[in-house]
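Structure first, then comments.
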Amino acid sequence: MLSECAREYLGTLHREEAVPTSEVERLLVDQGVTPYEPWLLFHEAYAGYFQDLGMGDIAVWGLARLKESTWFKPRTVTVERLKGVVVAVFCADVHGSHGYSMKPNGQVETPTGYARGFDIHVERLALWRQFALRGPRKFRPTGGWNAEQKDEFVALMDSFLRPEASDEFAFYHVSEQTLFIRHAKGGFEVLDLDRP
């Protein structure tokens with residue numbers, strides 16, 4: 001179940017009519033591809049939403065579209081194979097450099113990194129939007145921080161963890177002044193409101 005913040009975010013996006021999920025399932029089967037449940041649930045919930053990626057790039061979520069596009073033919077599903085084995089399906093109509101692929105278990109690669117599922121990705125986008133609406137922002141340089149400074153900052157932000165946007169790939173923390181993303185592989189990003 002999505003948070004109120006995520007539902008509000010989705011309400012700001014344009015959504016076009018989507019290819020019915022039953023047709024997407026048939027398109028997969030016709031290619032000899034298993035129609036994995038996470039793929040079909042994703043398509044049912046999110047197909048047709050337009051996400052502005054900035055710099056003129058738009059991602060249209062879903063496994064197939066009714067309309068012709070720059071990247072995909074209408075009513076087609078594109079899967080990624082490795083040595084003949086299906087490893088992912090493209091889950092947005094957008095240039096492949098943006099990621100947007102989904103593994104059979106529902107794990108997604110997106111422009112902002114990996115997420116356990118698309119709901120978590122939407123929660124993250126919603127938090128970014130909510131934080132951006134508070135005013136101008138600036139990234140805090142953290143390159144010179146030592147281990148003790150990092151540990152102190154993590155402890156300070158721990159009470160602001162947003163579990164709905166966190167998983168084994170990244171932990172999102174949002175306070176009134178700061179958006180803090182702690183990546184599971186060790187890196188992190190700090191974004192502060194730019195107030196005089």
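Residue numbers start at 1 and run along the sequence shown.
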Phe180 pairs by ring-ring contact (aromatic ring centres under 6.0 Å, His included) with which of Phe171, Phe153, Phe160?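 Testing each of Phe171, Phe153, Phe160 against Phe180, the sole residue satisfying ring-ring contact (aromatic ring centres under 6.0 Å, His included) is Phe153.
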Check whether any side-chain N or O of [X] sits under 3.5 Å from a backbone N or O of [Y] as a donor-acceptor pair, and report yes or no.
X      : Y      : result
Arg15  : Ala47  : yes
His173 : Leu156 : no
Arg137 : Ala132 : yes
Gln51  : Ala92  : no
His43  : Thr21  : no
Ser175 : Thr178 : yes
Glu123 : Ser3   : yes

Heavy atoms, side chains only, cut-off 4.5 Å: are [X] and [Y] in contact?
X      : Y      : result
Gln130 : Glu8   : no
Ser69  : Val60  : no
Pro111 : Leu53  : yes
Tyr172 : Phe131 : no

Please say yes or no: joined through hydrophobic side-chain contacts below 4.5 Å, possibly via intermediate residues, are Leu125 and Phe118 part of one cluster?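 Both belong to a single hydrophobic cluster.
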Starting from Ile120, can I reach Met102 by hopping between I/L/V/M/F/W/Y residues whose side chains sit under 4.5 Å apart?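 Each belongs to a different hydrophobic cluster.
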Before giving the answer on ring-ring contact (aromatic ring centres under 6.0 Å, His included), spell out for Trp71 and Tyr100 the whole-Å C-alpha distance, their side-chain angles and the decisive distance to 0.1 Å. CA-CA 13 Å; Trp71 309 111; Tyr100 273 122; over 10 Å; no
Partners passing side chain to side chain contact (heavy atoms under 4.5 Å, CB included) against Pro35 (at least two apart in sequence or in another chain):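 For Pro35 the side chain to side chain contact (heavy atoms under 4.5 Å, CB included) partners, ignoring immediate neighbours, are Glu25, Leu28, Val29, Leu40.
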Those residues that, when tested against Leu10, pass side chain to side chain contact (heavy atoms under 4.5 Å, CB included) (two or more places apart):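 Expected list: Leu2, Leu13, Tyr46, Tyr49, Trp61, Val122.
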Name all pairs fulfilling the salt bridge (charged side-chain N to carboxylate O under 4.0 Å, His left out) condition that reach into [range], sequence neighbours left out, sorted by first residue then second.
range            : result
residues 44-57   : none
residues 172-192 : Arg140-Asp192
residues 166-175 : Arg116-Glu168, Arg124-Asp167

Can you confirm whether more than 12 heavy atoms, excluding those of Glu37, are under 6.0 Å from its CD atom? no
Only pairs at least two apart or in different chains count here, so list each side-chain hydrogen bond (donor to acceptor under 3.5 Å, both in side chains) that has a residue in residues 150-160.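 For residues 150-160: none.
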